[in-house]
> 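To start, I am sharing the structure in question, which I have written as structure tokens.
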Amino acid sequence: MTIREFLSDRLGKITGRLCCTVAAALFLLATGTSSGVIVLLLLFLLLISITTQAAEYLKCRRRLSELDVLMQGLDQKYLFSECAPPPRTVYEQKLFALMRCSGRAMIGAVSDAQASMQEYREYIESWVHEIKTPLTAAKLTCRHLESDSRRKFSAELAQIEAHVERALYYARVKSPEQDCIIRQTALADIVSQAVGNHRTLLIQSQMKIETGDLDFTVYTDRKWAVFMLGQLLQNASRYRNNNSPSILLTAMGCGRQVRLTVSDNGIGIPAHELPRVFDRGFTGSNGRTRGGSTGMGLYLCRKLAALLEIDLQISSEEQKGTAVTLTFPARQAAETLQDCKTNPY
């Protein structure tokens with residue numbers, strides 16, 4: 001609190017006292033009291049007023065500093081009213097009582113919201129588990145169809161599976177510590193699994209998969225990394241060109257880190273849309289033109305990459321292609337991340 005703020009807050013009281021003092025001086029002057037006595041009396045009253053206000057200012061300032069230090073030291077700011085030192089005045093007692101009531105109501109609302117989110121997450125996971133049964137049955141049924149029909153139905157089922165998987169990861173991204181295991185993994189195995197998971201889509205899209213040197217070891221959660229890479233493969237297939245579409249996956253060492261680049265020769269992304277491709281729900285002009293885009297794939301990739309401490313960068317040029325680079329953390333950083341996931345507190 002500054003002196004100006006203090007005086008501004010008490011301007012009404014100071015003005016009232018000044019008016020009373022002037023009225024008293026005029027009354028004494030009218031009754032014949034010596035002007036010298038009146039001046040001395042006014043000086044005395046002024047000195048007392050300044051001293052009193054200065055003491056009050058210092059007291060308020062110390063109190064606010066004490067409360068500010070307490071607030072800055074709290075990890076959970078909403079517990080301020082519960083941890084505050086005992087009130088010193090009746091006004092503070094009433095104010096702190098109101099703050100405690102408000103804080104408890106907020107804590108109750110937050111707890112209810114967290115419980116609701118947990119129930120929703122559990123419902124999504126249960127739904128994903130249940131939906132896999134009819135999907136598996138549909139795949140088995142497709143085997144008895146004619147070749148052309150089988151390919152079409154298999155492609156549609158693959159798209160459904162991709163959407164289901166995306167919904168599952170969206171639900172889990174809010175509590176990663178429950179489903180995240182950082183361990184040493186061969187990068188080639190991650191790439192092979194991601195390509196295998198989307199083999200039907202890649203074949204239907206006539207995508208040519210090319211790989212460079214993938215003989216590296218990374219420290220990450222394999223399942224999440226496979227999901228992220230799968231989203232990039234889906235995007236490359238969806239936004240391919242019609243002339244020999246291809247995807248190149250290559251890696252290189254970067255100090256103690258490993259950098260994986262997924263590049264394609266597709267239609268690319270307009271330059272003015274590139275900064276927004278990781279925003280939730282953003283589909284862009286290509287997504288609107290080709291349809292089928294939800295704007296969630298790259299959003300989830302960015303969220304998962306941040307949780308795994310993977311640096312995710314994208315570059316693109318229209319009608320020439322897009323390149324996405326994932327830089328996996330060094331072993332020490334990954335082990336530290338795993339400790340934080342295992343022991344969040």
> What is the distance from atom CZ of Arg240 to atom CG of Asp264, rounded to the nearest 0.5 Å?
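Between atom CZ of Arg240 and atom CG of Asp264 there are 11.5 Å.
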
> Taking the side chain as C-beta and beyond, is there a heavy-atom pair between Arg62 and Leu58 under 4.5 Å?
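The answer is yes, as the side chains (C-beta and beyond) meet within the 4.5 Å cut-off.
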
> Could you go through the side-chain contact (heavy atoms from CB on, under 4.5 Å) check for Ser285 and Glu273 one step at a time?
CA-CA 8 Å; Ser285 55; Glu273 295 180 358; 3.0 Å; yes

> Find the distance between OG (Ser263) and NZ (Lys320) and round it off to the nearest 0.5 Å.
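Answer for the OG-NZ pair, Ser263 versus Lys320, is 14.5 Å.
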
> Crowded around Asp215 CG? As in, over 12 foreign heavy atoms under 6.0 Å?
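Open: at most 12 neighbouring heavy atoms sit under 6.0 Å from CG of Asp215.
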
> Atom CD1 in Ile38, atom CG in Leu43: separation rounded to 0.5 Å?
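It comes to 12.0 Å.
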
> What are the two closest non-hydrogen atoms of Leu312 and Ala305, and how far apart are they?
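Smallest heavy-atom distance, with atoms named: CB-CB, 4.1 Å.
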
> Evaluate side-chain contact (heavy atoms from CB on, under 4.5 Å) for Thr52 paired with Glu56, printing each intermediate quantity in order.
CA-CA 6 Å; Thr52 303; Glu56 185 68 20; 5.6 Å; no

> Should Leu232 and Met228 count as side-chain neighbours, where that means a heavy-atom distance under 4.5 Å?
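Side chain of Leu232 against side chain of Met228, heavy atoms only: no contact under 4.5 Å found.
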
> Do you reckon Met252 sits in the same ILVMFWY cluster as Leu260, going by side-chain contacts under 4.5 Å, direct or chained?
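Hydrophobic grouping puts Met252 apart from Leu260.
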
> For the atom pair NZ (Lys223) and CG (Leu304), what is the distance rounded to the nearest 0.5 Å?
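Interatomic distance, Lys223 NZ to Leu304 CG, rounded to 0.5 Å: 11.0 Å.
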
> With rounding to the nearest 0.5 Å, note down the distance linking CD1 in Ile50 to CG in Leu45.
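The distance works out to 11.5 Å.
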
> Donor-acceptor check, side chain of Ser8 to backbone of Arg4, threshold 3.5 angstrom: yes or no?
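Checked: no pair found.
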
> Given the rule that I, L, V, M, F, W and Y join up when any side-chain heavy atoms are under 4.5 Å apart, are Val22 and Leu28 in one cluster?
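Shared cluster, no.
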
> What about Leu201 and Leu233, same hydrophobic cluster or not, with Ile/Leu/Val/Met/Phe/Trp/Tyr joined at side-chain heavy-atom distances under 4.5 Å?
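No: no chain of side-chain contacts under 4.5 Å links Leu201 to Leu233.
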
> Just so I know, are the side chains of Ser237 and Leu202 near enough to count as touching, which here means a heavy-atom distance under 4.5 Å?
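Side chain of Ser237 against side chain of Leu202, heavy atoms only: contact under 4.5 Å found.
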
> List the steps and the verdict of side-chain contact (heavy atoms from CB on, under 4.5 Å) for Thr220 and Trp224.
CA-CA 8 Å; Thr220 188; Trp224 288 19; over 6 Å; no

> For the pair Thr51 (side chain) and Leu47 (backbone), establish whether a donor and an acceptor sit closer than 3.5 Å, ignoring hydrogens and angles.
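It does hold such a pair.
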
> How many angstroms lie between CG in Leu18 and CD1 in Ile14, if you round to the nearest 0.5 Å?
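The CD1 atom of Ile14 is 9.5 Å from CG of Leu18, to the nearest 0.5 Å.
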
> Measure the shortest side-chain to side-chain distance between Leu157 and Thr200 over non-hydrogen atoms and say whether it is less than 4.5 angstrom.
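Leu157 does not reach Thr200 side chain to side chain.
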
> Ignoring hydrogens and angles, tell me if any N or O in the side chain of Ser116 forms a donor-acceptor pair with the backbone of Asp112 under 3.5 Å.
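Answer holds: no.
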
> Taking all non-hydrogen atoms of both residues, which atom of Thr250 and which atom of Gly212 are closest, and how far apart?
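Closest heavy-atom pair between Thr250 and Gly212: OG1-CA, 3.9 Å.
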
> With the side chain counted from C-beta on, respond yes when Gln53 and Tyr57 share a heavy-atom pair under 4.5 Å apart, and no when they do not.
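Gln53 does not reach Tyr57 side chain to side chain.
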
> Might you point out which heavy atoms bring Thr21 and Leu42 nearest each other, and give the distance in Å?
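So the minimum-distance heavy-atom pair works out to CG2-CD2, 3.3 Å.
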
> Are Tyr91 and Phe96 linked, directly or through intermediate hydrophobic residues, by side-chain heavy-atom contacts shorter than 4.5 Å (ILVMFWY only)?
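Yes, Phe96 and Tyr91 fall within the same hydrophobic cluster.
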
> Is the count of non-hydrogen atoms from other residues, nucleotides or ligands lying under 6.0 Å from Arg276 atom CZ greater than 12?
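For Arg276, atom CZ is not crowded (no more than 12 foreign heavy atoms under 6.0 Å).
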
> Which pair of heavy atoms, one from Asn265 and one from Ser244, lies closest together, and at what distance?
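Of all heavy-atom pairs spanning Asn265 and Ser244, the closest is ND2-O, 3.0 Å.
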
> How about Ile182 and Leu308: do any of their side-chain heavy atoms sit closer than 4.5 Å?
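Yes, their side chains come closer than 4.5 Å.
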
> How far apart are the closest heavy atoms of Gly295 and Thr283, and which atoms are they?
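Taking every non-hydrogen atom into account, N-CG2, 3.8 Å.
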
> Does the side chain of Pro329 reach to within under 4.5 Å of the side chain of Ile310, using non-hydrogen atoms?
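Answer yes - side chains close enough.
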
> Would Leu248 and Val258 show up in the same hydrophobic cluster when neighbours are defined by side-chain heavy atoms closer than 4.5 Å?
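No.
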
> Please determine whether side-chain contact (heavy atoms from CB on, under 4.5 Å) holds for the pair Met207 and His198, giving the CA-CA distance in whole Å, both sets of side-chain angles, and the decisive distance to 0.1 Å.
CA-CA 11 Å; Met207 296 294 297; His198 298 84; over 6 Å; no

> If I compare all heavy atoms of Ile269 with all of Asn286, which pair ends up nearest, and what's the gap?
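So the two residues come closest at CA-ND2, 4.1 Å.
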
> Verify the neighbour count for atom CZ of Phe153: are there more than 12 heavy atoms of other residues, nucleotides or ligands below 6.0 Å?
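Counting other residues, nucleotides and ligands, CZ of Phe153 stays at 12 neighbours or fewer.
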
> Can you confirm whether Gln257 sits close enough to Asp311 that some side-chain heavy atom of one is under 4.5 Å from a side-chain heavy atom of the other?
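Not touching, per the 4.5 Å side-chain cut-off.
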
